[in-house]
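Structure first, then comments.
Both ligands and their constituent atoms are indexed starting at 1 by order of listing.
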Amino acid sequence: MSLYIGVDLGGTNLRAAIADTDTGQIFHQRKCPTLAAGGQAAVIGRIIQLIEELIQECGLSTCQIKGVGIGVPGTPDIEAGVIQFLPNMPGKWLNVPLQSILEEKVQLPVALINDVRAITLGERRISTDRSCETLVCLAIGTGIGGGVVVNGQFHLGIGGTAGEFGHHVVEVNGLPCGCGGKGCLELYASGPAMAAMGVKEVMHGHTTRIGELVDHDLNRIDAEIIVQAALEGDLIAKDILQRVGTYLGIAVGNILGILSPQKVIFAGGVSRAGDLLLQPIVQTVNERVHVIPVEKVEFVLAELGMQGGLIGAALWAKRRCEGQ
Ligand SMILES: [Zn+2]
């Protein structure tokens, strides 16, 4: 048995789990609100507390755990163990040496990784289809992230930055993005982008389940509400998913042209829309991609849900501890 802790630093919740990286099995997990608006120091304090409570609750001692992996919603410098910046997290997260801060407090080796790269590792670990050598994972939530496996190897790129699919350009003269570019995918297909489309529809006075579900309180419209309305058959919500799926399909088509993967996995909260999202993605890919055998590519939803990032972060810690 090889016990590691995986942590997911999310904008809403902090989650942590103890996992056996030999089997991919999670033994125990807990979560607490991130309360990100309280600032960086308070959030780091909660991460430390969460790790300590997790170990205590399991009746383990620190020496039985081999390391801690942390998935963060941004671009960590994985060699230096520093968070460079977290674009969708409130507060100042510029050049934060999270690895050394946590190692001093919890007395365990700590490794940082982008949260969707962690999901990719987790989904790859539990996959029973070992013949799938090249795959990509896209997670659609507050932002859009990704991860890449090429020829059976987890592909990190320079400093762990491979897989930034949310910043693929899908509109040449599009909206300015927080990354400094413009026309990036996540401005048109992320959870907040979907919410903005829903708000617009309700403001225009269109009859839609979206408004009913939030008692016409525009502030309460989020991606989850759009997905719920679409699953209940609301045509406007379905149209929003169609538009989002089209943008995702354009980006996925570009990815197919580069990697020709056997599998594309969709994770993140927005993927709960299931076929309502997959259908326009696959339709767009089929319409636009003709030089790759699209019929041989599998388009699937992530299997592990929230646990994917936790298992993946634990697996990442193991890799780093073993010098891989
Ligand atoms: Zn961008």
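With sequence neighbours excluded, the residues that form a side chain to side chain contact (heavy atoms under 4.5 Å, CB included) with Ala193 are Ser190.
Enclosure of atom CG in Leu235 is not indicated, since only 12 or fewer non-hydrogen atoms of other residues, nucleotides or ligands lie within 6.0 angstrom. Within a 6.0 Å sphere centred on CD of Glu103, heavy atoms belonging to other residues, nucleotides or ligands number more than 12. By the neighbour-count criterion of 12 heavy atoms within 6.0 Å, atom CG of Asp217 is densely surrounded, having more than that number from other residues, nucleotides or ligands.
Side chains of Gln283 and Gln279: a donor-acceptor N/O pair is present below 3.5 angstrom, by distance only. Side-chain polar atoms of Glu232 and Gln228 form a donor-acceptor pair below 3.5 angstrom.
Counting only distances under 2.8 Å, and ignoring water, the protein N, O or S atoms around the Zn ion (ligand 1) are His167 ND1, Cys177 SG, Cys179 SG, Cys184 SG.
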